[in-house]
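Here the structure is laid out as structure tokens; the discussion comes afterwards.
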Amino acid sequence: MLSFRFCLLLVFINPLYSDPTFDIWRPLESDRFEVIERSALDFSMLVEPGAAGKHGFIQITDQGELCFEKCPEKSVRFFAAASGHMGWFDYNTEALLERYTDQIVRGGYNAYRPHFLDVMLMQDAEKTAVFNPEKLELWDKFSAMLKRKGVYLYLDLSTSSSLFMPRKAPSDRSEENQYLAMYFESRAREEWLLGVSNLLTHVNPHTGNALIDEPQVIAMEMRNEAGLLFQAHITQRRKWKIPASLHANWHLWLEKRYQSIKTLKTNWESAPFEALELDSIQKFADVPIPPSWGAAKASMDFAEFAYEAEQKLLKWQVTQLRKLGVKHALIDYNNGFNAAAALIRGKLDIIEAHGYHQHPTGYYVGASMQNTSALAEGGAFITRINAGKYSHTPLFVTEWGMPYWNNWRHEAVLIAPAMASLQNWSLSLQHANNVLLDLDHGMSSEELRPFRIAADPTLKAAERATALLFKRADIKANQIPIRIQMDKQIAFESVGASLSIDSTIVKAAWVGDVALTHDSENEPSETLLLKPQKGSAIVANIGAETVLDSRSGKSSNWVKTLRDRGLLSKENRTNLSKQIWESETGEVFLDEQNRTLTIKTPKSEGAVLSPESPELKLTQLVLKNKGEPSTVLISSIDNQPLKSSKRLLLIAIGDSKSSGMEFEDESQRKVTDLGQLPVLICPLSIDIKLQTAHAEEMEIWGLAENGKRLSKIPAAANGETLSFTIDTHKGTAKGPYFEISVE
């Protein structure tokens, strides 16, 4: 068994943790969440003062960005936090709500996603779609307080596939999947519409507005992760009952297409789907629901069937909400990497996408994940998310993550904000529980768990980096237009309806402005158009989908084409054969083989350090460690260039785990002991040289995770070079944050 109490043990299981001085992981105090006002971790300057909605409703520009109706000349970007599950929301007094919303603002968040709001409102309710009045009042107070403090709402109109059923506990649910029933049953549609109508037309006594008339609302997601393919998959995995209406309509669709069972078998037998004996099928009613993904003809047919069903339901949903009077942008189908899903999303006001690097199977003894580096795949998961974007359409990424307990999740500190910035996302949200007051609230009273971001030192560091790099827009967006052609013929014949676009294409997002297009004639004349070929396979567990990273090379000449056209400079280091990617401005550089990522901007510089690249020289920064996998970021927090800034924040973070967490073997994939508090962080030793005009005057402080100054860090000045060592083996620092400032 492997315990994370001693880093020395890692020498025997993973050659990347080879330094014998890496001996003891450091415990973090449990009371560490509430950021102190005006501390170096207070990012409230990133949230516009005043009430959310004071500039009117959100509008979509011709360029596919967001703006307010009263300020159409200024684009708007949202950095969002979320509840993990509003069913467990227990900030239920005025004082707790005030503290919680203050912490949202101090985190730099200007948007909030109340995930599973429907479940919260239906807890201890007495009738379908009629809300518990106490829960409704708590929601009214909370949303009104967010509005007053300048925080906008991204609304899940429904999150539970059980829809608006009364429940005694947040975890209660029906084994009948109502999301699937909605495709073909008016009863399920009407239940959804009743619950949504009651939510949107209720007047909040604290604001005087119903949500339907509320400019605080950015957009409305009609159903969370409701795609037919995904819901069919998880229903089968959970051994729930597939609605009879889905079976019946699938059989009718097959009969219309093939006319006879003999013809169906002829088409399917060259690539039969898993675990199906075609000889056992004697009539269309015998055909089961096939696997939702894969290259088999049965799966391709099911994806095309789903695409047609999605279109019909989408039209009905939008029509009903517009009749109700909804003015906001409407979103659906936020999950699904297959080509058919990409096609249906192109019909929406805003594209929404979810994606994870190695979503765990759960969090219990016996749960597992692959536990490998995202950089070794070129950040495939984050480029895959971006591949759902359409040109001239905003992209909301409302769930991204490198979930706990992945040993490499320190890479997320730079991967996600870099991609979000390069591709000019309109909203970025790491899922979930980004803000906590303590470990007794917000469903986080136990050891570290996936999707408890605020309790996880490594992933919370990613939040703070995102606030500066993405929300403050430190990294410039790519401008070279690269468009992936997408229409029905391409989706169903070239790629494959149940497959995903090849990664050789989607990783172009590190270099240019990548988006799908179904109208190439309206793209700029210099646009590079790429037509995807046969796609990549998708695998899934109950929580999320993953695309198997493929390198077919069929579109591998796109870099040469960009250079030949003069769109990409010859100095740009992008090299497909070496798996190296560099943004067109040179601000972001990713090397898959060396598992490193660097960021160089006027206000921020940082790098992912790996055993292959323990020393990196940036513009104002030189970093050197002893081979520990870690991420370092230094940012100005007085909004000045690094060289002249008088107040800087340094983040230095590696892995973190619950005390005593154990695994089945050296791969650290399967959990055998969840561990307990306190949280432990793996200590780092990093030599740093910073070029600054204030080297002689600057002092360096180790910070607690709430921003409180702890101990001073020794430093030496030589002209405009400030040299120091961050060594968390010793008592000089206890966490990943450091303030460098002129007193």
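Because the structure is a prediction, the values reported are computed rather than measured.
- For the 3.5 Å distance criterion, the side chains of Q59 and T61 fail to qualify, holding no donor opposite an acceptor.
- Take R99 and apply the salt bridge (Lys or Arg N to Asp or Glu O under 4.0 Å) test, not counting sequence neighbours, and it matches E34.
- Not counting sequence neighbours, T527 has no partner by the side chain to side chain donor-acceptor pair (under 3.5 Å) test.
- Contact of the I700 side chain with the L722 side chain is registered, since non-hydrogen atoms from C-beta on lie closer than 4.5 Å.
- Counting only N and O atoms by type, the side chains of E612 and T596 include no donor and acceptor under 3.5 Å apart.
- No side-chain donor-acceptor contact under 3.5 Å links Q430 and T466.
- In this structure, H357 and F381 have tilted ring planes: the angle between them lies in the 30° to 60° band.
- Applying the salt bridge (charged side-chain N to carboxylate O under 4.0 Å, His left out) test to every pair with at least one member in residues 635-644, sequence neighbours left out, gives these pairs: K643-E720.
- A side chain to side chain contact (heavy atoms under 4.5 Å, CB included) with S391 holds for exactly one of V514, L516, D513, T517; it is T517.
- Within the structure, every pair that satisfies the side-chain hydrogen bond (donor to acceptor under 3.5 Å, both in side chains) test and touches residues 417-426, not counting sequence neighbours, is listed here: E65-N424, R77-N424, N386-Q423, N386-W425, K389-Q423.
- A search for salt bridge (Lys or Arg N to Asp or Glu O under 4.0 Å) contacts involving R464 returns nothing, not counting sequence neighbours.
- Note on R709 versus E699: no salt bridge recorded, every NZ/NE/NH1/NH2 to OD/OE distance being 4.0 Å or above.
- Residue pairs meeting the salt bridge (charged side-chain N to carboxylate O under 4.0 Å, His left out) criterion with at least one partner in residues 582-591, sequence neighbours excluded, are K476-E587, R573-E582.
- With sequence neighbours excluded, the residues forming a side chain to side chain contact (heavy atoms under 4.5 Å, CB included) with K578 are N575, I580, listed by chain and number.
- With sequence neighbours excluded, the residues forming a side chain to side chain donor-acceptor pair (under 3.5 Å) with D564 are K560, listed by chain and number.
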Evaluate salt bridge (Lys or Arg N to Asp or Glu O under 4.0 Å) for E592 paired with K507, printing each intermediate quantity in order. CA-CA 12 Å; E592 294 188 30; K507 288 182 184 178; 3.2 Å; yes
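- Aromatic ring centres of F43 and F79 lie farther apart than the 6.0 Å criterion allows.
- Ion pairing between a basic and an acidic side chain is recognised when a charged N comes within 4.0 Å of a carboxylate O; R595 and E411 show no such pairing.
- Legend: side-chain hydrogen bond (donor to acceptor under 3.5 Å, both in side chains) pairs involving residues 41-56, not counting sequence neighbours, sorted by first then second residue: D42-S44, E48-H55.
- A side-chain donor-acceptor contact under 3.5 Å links S656 and R409.
- Between F451 and H431, the ring planes are tilted. Angles from 30° to 60° get that label.
- Every residue was checked against the side chain to side chain donor-acceptor pair (under 3.5 Å) condition with R38, not counting sequence neighbours, and none meets it.
- Between E98 and K149, at least one side-chain N (NZ, or NE/NH1/NH2) sits under 4.0 Å from a carboxylate O, which counts as a salt bridge.
- Applying the side chain to side chain donor-acceptor pair (under 3.5 Å) rule to S635 yields the partners S604; only residues at least two apart in sequence or on another chain are considered.
- Residue pairs meeting the ring-ring contact (aromatic ring centres under 6.0 Å, His included) criterion with at least one partner in residues 680-724, sequence neighbours excluded, do not occur; the list is empty.
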